Amino acid sequence: MALSCCIGQFRRTLAHIHSTAAGSFNQQISHCQKRVYRPCTWINTQTRLLSSRTQQNCTRKLVRNGEDKKLVICVEGNIASGKTTCLEHFSKTNEIEVLTEPISKWRDVQGHNPLALMYQDPSRWGLTLQTYVQLTMLNRHLSTASAPVRMMERSIYSAKYIFVENLYRSGKMPDVDFAVLSEWFDWIIQNIFIPVDLIVYLQTTPQICYERLKERCRVEETMIPIEYLEAIHQLHEDWLINKTSFKVPAPVLVIPADHALPKMLHKYEENREKILLARNA
Ligand SMILES: Nc1ncnc2c1ncn2[C@@H]1O[C@H](COP(=O)(O)OP(=O)(O)O)[C@@H](O)[C@H]1O
Ligand SMILES: O=c1ccn([C@H]2C[C@H](O)[C@@H](COP(=O)(O)O)O2)c(=O)[nH]1
């Protein structure tokens with residue numbers, strides 16, 4: 001009698017634990033959906049978006065409403081290769097919105113300068129800078145479009161494939177920092193739709209970038225040696241030209257960019273149509 005009473009009580013307790021756990025799990029899901037995903041929509045990319053922009057090995061991704069309709073061009077290239085100057089040129093066109101790199105944020109996050117810290121001590125501050133770069137670049141990619149064509153300086157891809165990779169390969173990023181950043185990056189790429197239609201690669205020699213960098217004279221960059229620009233150059237070449245390192249998310253238009261400014265402006269005009277008609281489909 002006492003035993004069957006105990007068993008009954010045990011069963012009731014188990015049932016209670018089960019229903020409480022299930023309730024709290026469901027609450028967590030709806031809380032998560034409300035809090036994190038409200039501005040966007042989960043869609044089945046296999047059924048709604050069939051272009052090659054979506055071939056990122058995932059069936060369901062977080063997509064901002066309407067973001068799949070605008071054209072996205074990322075301008076990639078070495079430090080001081082002329083990306084900002086190129087964007088400035090295209091910013092004069094009505095239907096193009098230009099998004100420069102959020103470098104002012106990297107130089108001042110709540111009074112701290114992670115860009116300067118990274119150059120002073122890459123092993124200590126590389127993760128800090130690159131985590132913030134990843135966040136701010138993601139924010140750029142997901143910001144609401146104000147024109148039919150968006151031209152962006154760099155991308156979340158080059159932050160990882162060029163700068164994080166360089167820190168790691170040069171022995172300046174500990175394995176654990178690289179692992180954490182890589183898991184963050186992989187999660188983002190697998191779960192969030194980040195469309196890119198065309199990569200414009202401003203291809204320069206490291207020596208020319210070194211001269212332009214010295215002339216621009218950004219205070220954080222005064223200690224950059226030519227070897228650093230050579231390493232960054234090689235990573236760009238392996239990614240975008242040789243295609244031997246990482247997956248390229250869009251077709252690449254290569255514009256040789258060692259030339260003086262008037263010739264570069266002419267080259268931008270020559271390529272204007274190719275750029276504006278790019279649709280990664
Ligand atoms: N074609 C060019 N010839 C000479 N100097 C250039 C050219 N394009 C840009 N510059 C100068 O080189 C420096 C770096 O250019 P910038 O557009 O800021 O490069 P990025 O944005 O790629 O770092 C700036 O001082 C800029 O005025
Ligand atoms: O992921 C990144 C992206 C950029 N940086 C550094 C490299 C340069 O010092 C600046 C960006 O300058 P640009 O002149 O626009 O190339 O930021 C980085 O360390 N990590």
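One-based numbering, in listed order, for ligands and for the atoms of each. The residues of the chain are indexed from 1 along the displayed sequence. Values in this document were obtained by computation on a predicted structure and should not be read as measured data.
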- Of all protein heavy atoms, the one nearest atom 26 (C) of ligand 1 is T85 OG1, 4.0 Å

- Message: Once you restrict to heavy atoms under 4.0 Å, what part of L129 touches ligand 2? Side chain, backbone, both or neither.
- Response: side chain

- Item | Heavy atom of S81, distance to ligand 1 below 4.0 Å | yes

- Please state whether E153 comes within less than 4.0 angstrom of ligand 1, counting heavy atoms only. yes

- Message: Just to check, does R154 reach to within less than 4.0 Å of ligand 2 when the distance is taken from its heavy atoms?
- Response: yes

- Task: Output the list of atoms in ligand 2 that are nearer than 4.0 Å to some heavy atom of L115, sorted by atom number.
- Result: 6 (C), 17 (O)

- Side chain, backbone, both or neither: which part of M264 comes within less than 4.0 Å of ligand 1 when only heavy atoms are counted? side chain

- Are any of the side-chain nitrogens in R272 or E269 under 4.0 Å away from the carboxylate oxygens of its partner? yes

- Query: Taking the non-hydrogen atoms of R216, is any one of them nearer than 4.0 angstrom to ligand 2?
  - Reply: yes

- Task: Decide, yes or no, whether a salt bridge links E101 with R140 under the criterion of side-chain N to carboxylate O below 4.0 Å.
- Result: no

- Task: Just go through M118, E101, E76 and tell me whose heavy atom is the nearest to atom 13 (P) of ligand 2.
- Result: E101

- Would you name the heavy atoms of V75 and K83 that are closest together and state the gap between them? O-CD, 3.7 Å

- Does any N or O atom in R218 lie less than 3.5 angstrom from one in ligand 2, N or O only? yes

